[in-house]
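Since the structure comes first, as structure tokens, the remarks are kept for the end.
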Amino acid sequence: MSVRESFDYVVVGAGSAGAVLAARLTEDPGTSVLLLEAGGPAESDHISVPAAFPNLFKTRWDWNYQTTEQKQLGRRAYWPRMKALGGCSSMNAMIYIRGNAADYDTWRDDHGAHGWGYDDVLPYFRRAEANSRLGGPLHGTDGPLHVEDRRYTHDLTHAWVESAVATGMARNDDFNGATQEGAGLYQVTCHQGRRWSTARAYLDPAADRPNLTVRTGALAEKVVVEGGRAVGVQYQHGRGTQTSYAAAEVLLCGGAVNSPQLLMLSGIGPGAHLREVGVDVVLDQPAVGANLHDHPALPLVFETRGTTDLAELNTLGAFARAKLMGRGPLTSNVGEGGGFWRTRESLSAPDLQAHVAPSGFWDNGLHEPTSRKVTVAPTLVHVASRGSLRLRSADPRWHPDIDPGYYDDQADLDAMVAGVRRMLDVVGTGPLAELVAGPGLPTMRWGADPTDAQIEEHLRAETQTLYHPVGTCAMGDDDRAVVDPELRVRGVEGLRVVDASVMPMVTRGNTNAPTIMIGEKAADLLRGRAAVGAGATSGKDHR
């Protein structure tokens, strides 16, 4: 007779939040945690070398998702998502951006996410962070997550920053400081020139704890619910299926795709839809899988002259130098610099972000550049459009239907057109203008003053994800919410979601740091150490 395997907590997903949660909970030697990960250990050489992250796309490390055909694009969009320990923190561009203070105050004030205002979450950003340059009241210096100034920055990126300042942007050397707006170089989640994922930051130091069990190659099939309470997780492992039980709670950390998918596979979601795909309904919850949104980005690729680019410097010798010594051009994270700005003065916070790559980077970097290029990508960070995620099958191996609804709200398209015009102004000004020879993509053969229609055509042809899907298990205090402000699934006991899917509104900027913060705060919620009240209005500059 087999023994029923039980832990205090079963955590599904060892990514940016799940790794944090498992490590923090097992700081208490009396708490046992099983951490399930569908992928394997993060062992690829391309993980540690910062500039090599696109080499992970469409490989065995990638979930390799595709959206449904987007009405405004006339095509599907590819969504890379990492399948290994560390999740997307093992695959991303490592840009450390927390978002704007207004984002968190909006979560609290407009979405009922009490206890998640800026003043509430700042201590968790600081607790996670070990910043090599910045400190004081806004930054941490002794946390597990190393944040540093990149060891290599290409001259093209410096030229972009100088040109942006010449067009009127303020110079900003800390996008997570007193103000978010302006242009500058991004800090990265690296340590001595190598990627520092949550697997490195949180799981490696916890690896020898007897109360932490990490099980890779474990694809979750469903949450086991008995009498209205989550009691365990059924998952595929090896050649069979097994169930592990949670004496305290089940914690879903699969991200904006996998967490709502698993809830629906478990019978928690829109009832009519679940019955259509043959899933027995445990809880009719229409909000599961709704509110999906993402940061769309548009690569503006230009031929250059009189300079090198990053692709030209991508040699075997440079790869070995980056891997072994954490030095050289491949310690670049590709998206080296950028900035934040408002397309309209009436806005209270930025709605656009720029990402600058000293190379040709379009279609997620899947094309090998054949000439020297620079890429400037305006990115929409205040997103009005909303989509949804739905099952295609009751089989957990089937990818779900993913519809982010890119540009379905005209306001998003209008903002991106304005963003393109601003970036063209920067490229045509100052030192960068001397290095740019002309457009580098066939869909961008414009004259000196493109029409809105030409810009929209390029938006529809070349828009891609910035890898920041959120919102499908949104938190709040009303029927729009899947989880409450303590991240508990409304209507099911013993079940929480802890990842980017709980964000009711995407943050302004790259989402890895906010996801790590969510993991940090969730650990305190589970340990009874976090405040969950209404929170105080910060009264600070809303960055």
Run the side-chain contact (heavy atoms from CB on, under 4.5 Å) test on T153 and H158 for me, step by step, so that the C-alpha distance in whole Å, both residues' side-chain angles and the decisive distance to 0.1 Å come before the verdict. CA-CA 7 Å; T153 299; H158 287 297; 3.6 Å; yes
Would W116 and H111 count as a close aromatic pair, with their ring centres under 6.0 Å? no
Within the structure provided, determine whether W362 and T375 are in side-chain contact (heavy-atom separation under 4.5 Å). no
With Y186 via ring pair (Phe, Tyr, Trp, His ring centres under 6.0 Å) - residues at least two apart: F175, H355
Step-by-step side-chain contact (heavy atoms from CB on, under 4.5 Å) determination, E129 to Y96: CA-CA 10 Å; E129 184 184 11; Y96 183 77; 3.7 Å; yes
If you apply the rule salt bridge (Lys or Arg N to Asp or Glu O under 4.0 Å), what do you find for D403 with R390, and how did you get there? CA-CA 9 Å; D403 179 11; R390 292 289 184 261; over 6 Å; no
Under a plain distance cut-off of 3.5 Å, with no hydrogens placed, do D401 and T68 share a side-chain donor-acceptor pair? no
Can you tell me if CD on E457 sees more than 12 non-hydrogen neighbours from other groups inside 6.0 Å? no
Is the H458 ring parallel, tilted or perpendicular to the W446 ring (thresholds 30°, 60°)? perpendicular
Does D103 come within less than 4.0 Å of R508, counting only side-chain N to carboxylate O? yes
Salt bridge or not between R75 and E462? Use side-chain N to carboxylate O under 4.0 Å. no
Could you tell me if the side chain of N64 sits less than 4.5 Å from the side chain of P80, heavy atoms only? no
So which atom in A164 and which in V426 form the shortest heavy-atom distance, rounded to 0.1 Å? N-CG1, 3.6 Å
Give a yes or no answer on whether the side chain of H293 reaches the backbone of G471 with a donor-acceptor pair at less than 3.5 Å. no
Taking side chain as C-beta onward, heavy atoms only, is R171 less than 4.5 Å from V161? yes
Test the K83-W61 pair against the cation-pi criterion, namely NZ or CZ under 6.0 angstrom from the six-membered ring centroid and within 45° of the ring axis. no
Per the side-chain contact (heavy atoms from CB on, under 4.5 Å) rule, which among S388, P400, S259, S501 passes with T472? S501
Is there a donor-acceptor pair closer than 3.5 Å between any side-chain N or O of T67 and the backbone N or O of A77? yes
Between N510 and Q353, is the side chain to side chain donor-acceptor pair (under 3.5 Å) condition met? List the steps. CA-CA 9 Å; N510 311 75; Q353 179 183 6; 3.0 Å; yes
If you apply the rule side-chain contact (heavy atoms from CB on, under 4.5 Å), what do you find for Q72 with D408, and how did you get there? CA-CA 7 Å; Q72 307 306 324; D408 279 353; 3.4 Å; yes
If every non-hydrogen atom of S332 is compared with every non-hydrogen atom of L310, which pair is closest and at what distance? OG-CD2, 3.5 Å
To the nearest 0.5 Å, what is the distance between CG (L380) and CG (L459)? 10.0 Å
Is the ring pair F125/Y104 parallel, tilted or perpendicular, if the boundaries are 30 and 60 degrees? perpendicular
Side-chain contact, heavy-atom cut-off 4.5 Å: V301 with F361? no
Go through the side-chain N and O atoms of R480 and N291 and say whether any donor and acceptor fall under 3.5 Å apart. no
For V383 and P296, work out which heavy atoms get closest and say how close. CG2-CD, 4.3 Å
Report yes if the side chains of M91 and S197 come closer than 4.5 Å at any heavy-atom pair, otherwise no. no
Take Y78 and T465, measure what side chain to side chain donor-acceptor pair (under 3.5 Å) needs, and give me the verdict at the end. CA-CA 8 Å; Y78 162 57; T465 177; over 6 Å; no
Gap separating the CG atom of L156 from the CD atom of E336, nearest 0.5 angstrom: 8.5 Å
Any chance you could measure Y406, atom OH, to K71, atom NZ, to the nearest 0.5 Å? 15.0 Å
Taking everything shown except D478 itself, do over 12 heavy atoms lie less than 6.0 Å from its CG? yes
Short question: side chain of T198, backbone of G15 - any donor-acceptor pair under 3.5 Å? yes
Residues D62, K58: salt bridge by 4.0 Å N-O rule: no
Using the side chain to side chain donor-acceptor pair (under 3.5 Å) rule, collect all pairs that involve residues 419-429, keeping only residues at least two apart or in two chains. R421-D452
Close side-chain approach of Q454 to T443, heavy-atom, < 4.5 Å: no
Under the criterion side-chain contact (heavy atoms from CB on, under 4.5 Å), I'd like the reasoning laid out for V20 against V498: C-alpha separation, chi angles, the key distance, then a yes or no. CA-CA 10 Å; V20 175; V498 183; over 6 Å; no
To the closest 0.5 Å, what do you measure between SG (C253) and CG (L262)? 11.0 Å
Donor-acceptor contact present, side-chain R392 to main-chain H399, <3.5 Å: yes
Would you find a donor on one side and an acceptor on the other, under 3.5 Å apart, between the side chain of D284 and the backbone of G271? yes
Result for side-chain contact (heavy atoms from CB on, under 4.5 Å) between R490 and one of I268, D479, D477 points to D479
d(L145 CG, N131 CG) to nearest 0.5 Å is 9.5 Å
Quick check: closest heavy atoms across P260 and G255, and the distance to 0.1 Å? CD-O, 3.5 Å
Please check this pair: side chain of N172 against backbone of E181, looking for a donor-acceptor N/O pair closer than 3.5 Å. yes
Interatomic distance, CD1@I402 vs CG@D294, rounded to 0.5 Å, equals 10.5 Å
Does this structure show an ion pair linking D524 with R127, if we count only N-O contacts that are shorter than 4.0 Å? yes
Hey, are R76 and E69 close enough for a salt bridge, meaning a charged N less than 4.0 Å from a carboxylate O? no
Do the side chains of V223 and V282 get nearer than 4.5 Å, heavy atoms only? no
Assess whether side chain to side chain donor-acceptor pair (under 3.5 Å) is satisfied between S16 and N512, documenting all intermediate values. CA-CA 7 Å; S16 297; N512 191 238; 2.7 Å; yes
Is there a donor-acceptor pair closer than 3.5 Å between any side-chain N or O of N258 and the backbone N or O of G13? no
Closest approach of K373 to G440 (non-hydrogen atoms, all atoms of both residues): CE-O, 3.8 Å
Can a side-chain donor-acceptor contact be found between N92 and R195 if the only test is distance below 3.5 angstrom? yes
Scan for ring pair (Phe, Tyr, Trp, His ring centres under 6.0 Å) pairs involving residues 466-486, sequence neighbours excluded, and state none if there are none. F57-Y467, H295-H468
Strictly by modelled atom types, are H139 and N176 linked by a side-chain donor-acceptor pair under 3.5 Å? no
Can you give me the closest heavy-atom contact between V279 and A394, atom names plus distance? CG2-CB, 3.9 Å
Is there side-chain contact between E486 and R496, with at least one heavy-atom pair below 4.5 Å? yes
